[in-house]
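Since the structure comes first, as structure tokens, the remarks are kept for the end.
Note that this is a predicted model, so its numbers are computed, not measured. Chain naming here is simple, since letters A, B, ... match the order of the sequence lines and numbering starts at 1 in each. Both backbone and side-chain heavy atoms feed into the values below; hydrogens, waters and symmetry mates do not.
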Amino acid sequence: MEVLLDVKNLTTRFYTDEGVVHAVNGISYAMEAGETLGVVGESGCGKTVHALSIMRLIPSPPGKIDAGEVIFDDGRDLLKLSSGDMRLVRGAEIAMVFQDPMTSLNPVFTVGTQIVEALKIHFGMTDNEARERAGELLAMVGIPAAMQRLDDYPHQFSGGMRQRAMIAMALSCDPKLLIADEPTTALDVTIQAQIVDLVRRLQAQLGMAVMWITHDLGVVAELAKKINVMYAGYIIERGDVRSIYKRTRHPYTIGLLGSLPRLDEVPGTKLVSIPGLPPDLIDLPQGCPFYARCTYRKDQCLEEMPPLEPTDDEGHIVACWRWEHVAGRDA
Amino acid sequence: MSSGNGSLVSVRNLKKYFPVIRGTIIQRHVGDIKAVDDVSFDILKGETLGLVGETGCGKTTVGRTILRLYEPTAGEIIFEGTNLEEVVGGDLRRMRRKMQMIFQDPYASLNPRMTVGSIIAAPLEVHKVVSGKEKHDRVQELLQMVGLNPYFVNRYPHEFSGGQRQRIGIARALALNPDLIICDEPISSLDVSIQAQVVNLLEELQEQLGLTYLFIAHDLSMVRHISDRMAVMYLGKIVEITDRDEIYLNPLHPYTQALMSAVPIPDPDIIETRQRIILEGDIPNPSDPPVGCNFNTRCPVAVDICFKEEPAYLEIRAGHWTACHLVKPEGN
């Protein structure tokens with residue numbers, strides 16, 4: 001398959017008054033065209049900052065992309081594009097859907113106006129053409145009576161409908177990559193199921209690649225083909241969905257899966273919690289960032305951050321000095 | 001509903017309507033939001049009853065009305081044989097010692113200007129239970145009980161993480177040795193690995209102290225994990241109540257079935273074989289609920305009668321109650 005996005009050694013830091021926040025610490029991975037990648041991790045693990053870095057939307061100052069390359073599509077390095085060229089990429093080639101559909105739509109413009117805006121800028125459509133197309137897009141994401149609803153304001157839409165409108169807007173320019181940052185976190189579970197189903201259907205129809213950023217290991221299991229697990233600004237485990245869930249290798253991923261109750265669990269199951277808290281990104285330890293919470297740690301882990309090494313499964317890599325000793329969830 | 005035997009709280013036909021008022025000078029009462037509409041259930045001594053439902057279904061209102069933080073519009077709440085509605089003033093305050101609450105947002109529910117010690121001691125002072133040295137000892141004991149270092153007693157809430165703050169909230173709820181704790185989404189603002197820590201703590205405390213929980217949340221897997229029995233709410237009504245295994249293995253109400261099938265299970269094998277029911281549309285506006293069964297706008301199996309008559313809330317088999325026209329009690 002053809003590589004769509006190749007991230008190499010991406011490093012993003014925030015230079016604040018309290019110190020330097022090491023948000024993303026040299027991560028590398030590649031995404032194929034049409035692939036669905038799940039990026040999983042807890043708050044502050046750098047999953048959103050890494051996506052914003054790809055889009056060059058990091059507020060600067062205090063943020064700064066200190067190193068790395070983001071090779072997109074036909075070999076352009078997004079980090080080296082002029083800001084004018086980057087604007088043509090954003091929205092048209094890479095689109096983003098944000099977590100909170102309440103705050104990412106402008107409350108004083110109608111939903112239609114906001115969708116039409118991108119169409120006019122990127123395609124130079126006339127008002128009527130753009131309006132026609134906006135109606136089609138809203139209908140495509142499953143909003144009933146789409147043409148009439150174009151004249152509604154965001155507050156007249158429910159949470160699920162707003163997220164659908166955001167997806168319609170993101171798809172308006174037929175992007176090659178859709179980055180969805182916790183798109184269902186603010187939604188109820190029945191609405192979440194609708195959105196997941198919608199994205200899966202649209203992806204099959206339009207053939208775009210999707211990067212789905214979430215803290216919910218359940219949702220990505222249904223959607224993604226590959227998973228990146230992030231912790232303290234590093235990718236600590238990466239592999240195919242089945243391999244990540246069935247032959248988990250990193251102690252942190254094992255802990256995450258263990259602390260998640262399953263709907264189908266047998267009575268009396270105890271949750272395995274991970275002790276302690278994630279490290280302070282201003283003051284990262286020298287060795288493995290998970291050392292303080294890890295049950296498999298050895299002195300070696302204190303000295304150096306482990307590199308991503310291949311495991312027994314093809315395409316499954318893990319950053320742990322002791323992964324061979326970790327009692328994985330072989331199932 | 002087995003009233004009396006073993007139940008700590010009995011809720012009967014509870015209603016809580018919030019009036020909708022139009023106009024500023026001449027105010028008119030134009031309607032009601034039926035946040036809780038004729039709900040009956042029991043909470044048994046020592047059990048955890050899970051209350052699940054989507055945003056705006058009235059689950060938080062049920063919790064708050066049980067504590068009489070809201071005055072019920074109609075219905076009865078019987079706590080250990082006493083009808084709470086007949087209790088007023090000082091007596092109500094004494095009753096409240098036995099019922100405490102843990103709130104959703106550990107940032108908003110702790111006063112930022114008070115030290116942890118004074119936050120936890122506040123209920124002890126309000127109810128004049130202990131003072132002086134005894135109070136100090138009790139606070140230390142509580143901190144230890146929830147897994148915080150007693151040394152932290154003079155720190156302020158901002159010095160703690162979300163999970164630690166939720167532990168402070170739990171310590172405060174435990175201060176008066178309550179019988180019932182209403183946990184209103186106690187973990188939904190926490191990260192996954194921290195959620196498990198707090199849930200394990202709640203389970204340990206229940207075992208040690210014989211607490212009864214009403215656990216309100218929207219996360220079905222978590223509620224099923226912690227509960228003995230579960231109640232599912234939709235648009236102000238309980239649509240189904242039964243024990244945690246029955247509701248997963250044999251859900252009767254179409255809404256419960258859809259809800260269960262919408263919950264993601266982190267296991268690729270199960271995902272491949274699982275049948276999903278995806279509901280269409282959104283939750284209707286609670287100020288203008290549909291006529292008949294209130295789920296009829298989204299129900300995949302609705303028939304004529306569902307649009308005309310409201311279904312009765314019936315015991316289908318021992319301990320399994322539901323309100324659906326299409327489900328008939330067994331043995332008839």
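- Atom CD of B/Glu280 has 12 or fewer heavy atoms from other residues, nucleotides or ligands within 6.0 Å.
- Among the residues in residues 191-202 of chain A, those with a non-hydrogen atom closer than 4.5 angstrom to a non-hydrogen atom of chain B are A/Ile191, A/Gln192, A/Ala193, A/Gln194, A/Asp197.
- The contact list for residues 196-210 of chain B toward chain A, using heavy atoms and a distance under 4.5 Å, reads B/Ala196, B/Gln197, B/Val199, B/Asn200, B/Glu203 by residue number.
- Comparing B/Ile265, B/Val263, B/Leu249 by heavy-atom pairs within less than 4.5 Å of chain A, the highest count is held by B/Ile265.
- Of the listed residues (B/Val223, B/Val192, B/Leu279, B/Ile283), the greatest number of heavy-atom pairs within a distance under 4.5 Å of chain A belongs to B/Val192.
- A distance-only check finds a donor-acceptor pair linking the side chain of A/Asp188 to the backbone of B/Thr55 [under 3.5 Å].
- A side chain to side chain contact (heavy atoms under 4.5 Å, CB included) with A/Pro261 holds for exactly one of B/Gln195, B/His225, B/Arg224; it is B/His225.
- Under the ring pair (Phe, Tyr, Trp, His ring centres under 6.0 Å) criterion, no residue pair touches residues 193-213 of chain B, with sequence neighbours excluded.
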message: Evaluate A/Leu277 against B/Ile194 for side chain to side chain contact (heavy atoms under 4.5 Å, CB included), listing each step before the verdict.
response: CA-CA 8 Å; A/Leu277 298 170; B/Ile194 311 296; 3.9 Å; yes

task: Apply side chain to side chain contact (heavy atoms under 4.5 Å, CB included) to A/Arg293 and B/Ser193, showing your working.
output: CA-CA 11 Å; A/Arg293 307 173 77 186; B/Ser193 70; 3.1 Å; yes

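- Between chain B and the options A/Val241, A/Thr190, A/Leu256, heavy-atom pairs under 4.5 Å are most frequent for A/Thr190.
- Of all the listed residues (A/Val189, A/Asp264, A/Leu260), the one sharing the greatest number of non-hydrogen pairs under 4.5 Å with chain B is A/Asp264.
- Using modelled atom types, no side-chain atom of B/Asp191 and backbone atom of A/Glu42 make a donor-acceptor pair closer than 3.5 Å.
- With a threshold of 4.5 angstrom between heavy atoms, B/Glu272 approaches chain A through side-chain atoms but not through N, CA, C or O.
- Counting all heavy atoms, side chain and backbone alike, B/Pro268 lies closest to A/Tyr245 at CD-CB, 3.6 Å.
- Ranked by heavy-atom pairs under 4.5 Å with chain A, the list B/Asp267, B/Ile277, B/Leu259, B/Asp219 is led by B/Asp267.
- With a threshold of 4.5 angstrom between heavy atoms, B/Ile226 does not approach chain A through any atom at all.
- Proximity to chain B at a heavy-atom threshold of 4.5 Å picks out A/Val219, A/Ala221, A/Glu222 from residues 219-232 of chain A, in numerical order.
- Residue contact with chain A, scored on non-hydrogen atoms closer than 4.5 Å, involves the side chain of B/Ile271 exclusively.
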